[in-house]
**Student:** 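Right, I'll just put the structure down here and ask away after.
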Amino acid sequence: MRRIVLLGPPGSGKGTQAVKICEEFGIPHISTGQMLRESSLDDPELDREMKAIVARGELVPDDLMNELVKERLNEDDCANGFILDGYPRTMEQAAFLDSEVGIDGVLLLDVPLELIAERLGGRRVCLNCGASHHVSRLKSGECPACGGELGTRRDDAPETVRRRFQVYELSTRPLIERYAKQGKLMRVDGSGSFEDVTSDVLACVRSAV
Ligand code: AMP
């Protein structure tokens with residue numbers, strides 16, 4: 001069983017590395033950010049409210065996130081493990097996750113802020129499949145995964161990125177200590193080349209059983 005959490009600031013490469021882990025271990029990649037961007041809540045007013053929160057770089061309320069994740073983790077494809085990307089983001093979410101399923105390992109992608117700013121500025125997302133890419137690795141203006149049109153994320157605008165960092169420092173960074181105390185934290189230097197980071201990440205996931 002591999003139940004893994006990917007932790008790290010916005011733009012640290014969680015989504016990109018999660019795709020690699022998925023390919024290697026055949027466990028689903030659960031990105032709560034992507035879930036929020038792609039799905040609509042039944043209640044249209046609540047849905048608008050939630051999308052506005054995401055656009056401002058704030059956090060969607062814990063209760064709503066916990067429900068969404070609980071439902072997703074109950075699906076059959078999660079029976080042998082999963083990789084959570086972007087959840088938990090608060091102590092409350094982490095406590096909920098522990099009470100629901102428990103976690104085998106937490107991977108922290110450590111990346112200096114200057115590098116992150118550069119990465120987020122160059123991030124392009126596929127408007128069709130949602131995959132993230134960096135302009136420096138793109139050979140054409142199309143999504144390498146599906147050929148779809150590429151665009152930027154609304155919340156990658158510089159002022160929103162600043163807010164997302166503040167939110168990370170305030171609400172999410174404290175999780176590092178929580179998981180370190182539980183003996184579950186694995187740190188990976190996320191500043192190297194994509195291939196080097198991937199190989200370190202995969203080695204950590206291999207050891208987390
Ligand atoms: P991400 O794609 O992980 O960067 O998430 C994009 C945005 O979705 C975040 O800035 C939040 O507004 C929202 N979001 C994603 N995951 C969570 C979460 N676990 N708790 C609260 N808000 C979240």
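We use all heavy atoms of the structure for the numbers below, so side chains are in, but hydrogens, waters and symmetry mates are not. We're numbering straight along the sequence, starting at 1. Both counts, for ligands and for their atoms, begin at 1 and track the order of listing. Just so it is clear, the structure is predicted and the values come from calculations on it, not from any experiment.
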**Student:** Only counting residues at least two apart or in another chain, list the ones meeting side-chain contact (heavy atoms from CB on, under 4.5 Å) with R178.
**Tutor:** M91, A94, A95, D98, L175, Q182

**Student:** Between Q34 and R37, does any side-chain donor sit less than 3.5 Å from a side-chain acceptor?
**Tutor:** no

**Student:** What salt bridge (Lys or Arg N to Asp or Glu O under 4.0 Å) pairs are there with at least one residue in residues 106-116, not counting sequence neighbours?
**Tutor:** D110-R187

**Student:** Using the salt bridge (Lys or Arg N to Asp or Glu O under 4.0 Å) rule, collect all pairs that involve residues 78-88, keeping only residues at least two apart or in two chains.
**Tutor:** none

**Student:** When you measure from the side chain of Q93 to the backbone N and O of R89, does any donor-acceptor pair fall under 3.5 Å?
**Tutor:** yes

**Student:** Show me, by chain and number, every protein residue that has a heavy-atom distance under 4.0 Å to ligand 1.
**Tutor:** T32, G33, L36, R37, V54, E58, L59, V60, M65, G86, Y87, R89, Q93, R153, D155, R164

**Student:** Locate the shortest heavy-atom distance separating C129 from C126; write the atom from each residue and the value.
**Tutor:** N-SG, 3.2 Å

